[in-house]
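To keep things clear, I will list the structure first and then write my remarks on it.
Note that the numbering runs from 1 along the sequence shown for the chain. Whatever order the structure lists ligands and atoms in, that order sets their numbers, starting from 1. Quick caveat, the model's predicted, so the values are computed rather than measured.
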Amino acid sequence: MSGRDSEKLQAVKGMQDLLPPDSAKWGYVEKRARATFESYGYREVRTPIVEYTPLFVRSIGETTDVVEKEMYTFTDRDERSITLRPEGTASAVRALLEHSLPAKEPVTRWYYSGPMFRHERAQRGRYRQFYQMGVETFGIAEPTIDAEQIAMLVGLFGDLGITGLDTRINSVGGPEDRPKYRAALAAYLEPFRSQLCADCQRRLDTNPLRVLDCKHENDQKIVKGAPSILDHLGEAAKAHFAGVQAALDALGVAYTIDPKMVRGLDYYTGTTFEVRASGGDLGAQNTLGGGGRYDRLVQEMGGPATPATGFAFGLERVVLTLPGEADTFEPGAEVFFASHGDAAKLYCLKQVQNLRARGFRADLEHRNVGMKAQLKRADRVGARVVVIVGEQEMAANQAVLRDMKASEQRTIEAADLVAEIKRLVR
Ligand code: AMP
């Protein structure tokens with residue numbers, strides 16, 4: 001590589017590095033989310049980040065933005081078309097069927113976490129590689145599970161300290177309701193055809209429901225007067241949607257019914273939902289997470305009829321909304337050892353290992369620098385206690401213990417070291 005080329009090294013557009021201390025904030029969200037999902041009985045599934053392309057085309061839908069223009073699709077060395085996953089549900093369904101889960105257990109509850117890829121126009125809150133955490137439930141048709149998932153997502157965001165949440169729910173009806181609504185919507189939109197954006201003029205013919213979530217201001221104005229999907233629901237979908245609302249009310253979850261909220265993926269049937277952040281500076285990218293019911297997908301992918309519900313949230317957007325400076329999420333060291341002389345350094349090296357084995361976050365200065373620089377470093381890593389050992393202390397089997405909070409120090413017997421540290425940091 002020439003010098004010139006190396007100057008230009010940079011991450012792929014729309015993809016970002018995650019460095020400390022921001023990574024600590026991410027880690028915190030991931031940890032809380034895992035704990036929440038596990039408390040509701042979800043177990044982790046990990047699938048590859050690439051799949052054979054037809055899986056996504058068939059499940060997400062040929063006429064969705066994701067499939068039409070956003071997928072990272074390549075021909076691999078076996079001449080097969082593979083795609084970096086743009087979302088998690090398709091892979092979960094594939095894995096469910098590949099491992100015959102429906103025959104083995106009546107209910108499957110999975111959660112996942114990992115990077116997704118969509119070639120979108122990159123901006124704040126919208127990236128080409130982004131991380132999602134999500135859940136899927138297979139085998140439960142009852143509306144209480146839809147409501148429980150919404151409550152779980154809203155509860156998680158609340159626990160994380162995110163305020164001003166706006167929860168929207170809707171029902172896009174079953175496959176038996178859709179054609180009627182599609183026809184009514186197309187009939188309403190047709191007179192506006194020439195005023196719609198170029199994409200929506202095409203969508204009007206291929207998939208008019210997609211016009212509802214067009215981001216263009218003018219299209220949104222036109223959509224305002226469109227017929228409501230809720231007026232076109234059959235009895236089953238209506239009863240289900242009422243059940244979701246009753247369960248949300250019972251759980252005390254606040255929500256708004258938004259008949260225009262259809263979500264960008266074609267596999268949804270019945271309930272759809274989104275949780276948005278009304279505060280913060282995410283602008284148009286303020287949907288933190290969303291999901292819904294997809295009762296037909298497992299069957300369409302070749303499996304047995306299996307009701308299913310799920311959601312995903314975006315880590316980047318949640319972290320951008322989360323209150324608190326990133327460095328306050330870093331645990332820092334509890335104990336830092338500073339030494340003078342080779343023998344003292346080896347002694348400290350051993351003591352630090354001993355403390356780590358007992359569960360303390362302990363560290364020492366490896367570089368041969370003076371005491372002043374070592375104490376400065378102890379301060380930088382946020383140590384609560386500093387242990388100072390020089391030749392004199394070594395000879396006397398002692399150590400100097402400095403309480404950084406109280407700015408006090410005293411000499412203690414080496415044998416009391418662990419007990420004294422424990423007293424100060426625990
Ligand atoms: P979706 O899979 O489209 O239903 O999106 C679910 C959530 O994933 C959204 O609410 C966002 O938080 C997040 N998300 C989707 N696309 C992106 C993207 N390009 N960049 C960042 N986050 C995204």
With a 4.0 Å cut-off, would you call [X] and [Y] a salt bridge?
X: Arg202; Y: Glu68; answer: yes
X: Asp166; Y: Arg168; answer: yes
X: Arg293; Y: Asp295; answer: yes
X: Arg296; Y: Asp266; answer: no

Worksheet item: Among Glu87, Arg118, Glu274, whose heavy atom sits nearest atom 3 (O) of ligand 1?
Response: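 Residue with the shortest heavy-atom distance to the ligand atom: Arg118.
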Worksheet item: Among Phe311, Tyr131, Phe130, whose heavy atom sits nearest atom 22 (N) of ligand 1?
Response: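 Nearest option to atom 22 (N) of ligand 1, by heavy atoms: Phe130.
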Item to complete: Can you sort out the partners of Glu325 under salt bridge (charged side-chain N to carboxylate O under 4.0 Å, His left out), two or more places apart, ordered by chain and number?
Response: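 Listed in chain order: nothing, the list is empty.
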Practice prompt. Assess Gly125 for proximity to ligand 1: is some non-hydrogen atom of it under 4.0 Å away?
Written response: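 Distance cut 4.0 Å: Gly125 passes for ligand 1.
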Only heavy atoms of [X], strictly under 4.0 Å: list the atoms of ligand 1 that pass.
X: Ala312; answer: 6 (C), 7 (C)
X: Glu120; answer: 16 (N), 17 (C), 18 (C), 19 (N)
X: Thr287; answer: 9 (C), 10 (O), 11 (C), 12 (O)

So which bit of [X] gets within less than 4.0 Å of ligand 1, heavy atoms only: side chain, backbone, both or neither?
X: Val318; value: neither
X: Arg263; value: side chain
X: Gln132; value: side chain

Worksheet entry | cation_pi(Arg109, Phe37) dist<6.0 Å, angle<=45 |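 No, a cation-pi geometry is absent between Arg109 and Phe37.
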Worksheet item: Which residue and non-hydrogen atom of the protein lie closest to atom 12 (O) of ligand 1, and at what distance in Å?
Response: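 Closest protein heavy atom to atom 12 (O) of ligand 1: Leu288 O, 2.8 Å.
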Practice prompt. Would you mind checking which non-hydrogen protein atom is closest to atom 20 (N) of ligand 1, with the distance to 0.1 Å?
Written response: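 Nearest protein contact, heavy atoms only, for atom 20 (N) of ligand 1 is Tyr127 N, 2.9 Å.
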Worksheet item: Would you say the side-chain atoms of Gln374 pair up with the backbone N or O of Val369, donor to acceptor, closer than 3.5 Å?
Response: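 Yes; judged by distance alone, with no hydrogens or angles, the pair exists.
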Item to complete: Give yes if a backbone or side-chain nitrogen or oxygen of Gly314 is under 3.5 Å from a nitrogen or oxygen of ligand 1, and no if not.
Response: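 Among all N and O atoms of Gly314, at least one is under 3.5 Å from an N or O of ligand 1.
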Worksheet item: Should Phe313 be counted as touching ligand 1, given the test is an N or O pair under 3.5 Å?
Response: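 In fact, backbone or side chain, Phe313 has no N or O that close.
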Worksheet item: So among Arg210, Arg203, Arg118, Lys215, which one has a salt bridge (charged side-chain N to carboxylate O under 4.0 Å, His left out) with Asp65?
Response: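 So, applying the salt bridge (charged side-chain N to carboxylate O under 4.0 Å, His left out) to Asp65 and each of Arg210, Arg203, Arg118, Lys215, only Arg203 qualifies.
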Item to complete: Anything under 30° is parallel, anything over 60° is perpendicular, the rest tilted; go ahead and classify Tyr294 against Tyr268.
Response: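 Judged by the thresholds at 30° and 60°, the geometry between Tyr294 and Tyr268 is perpendicular.
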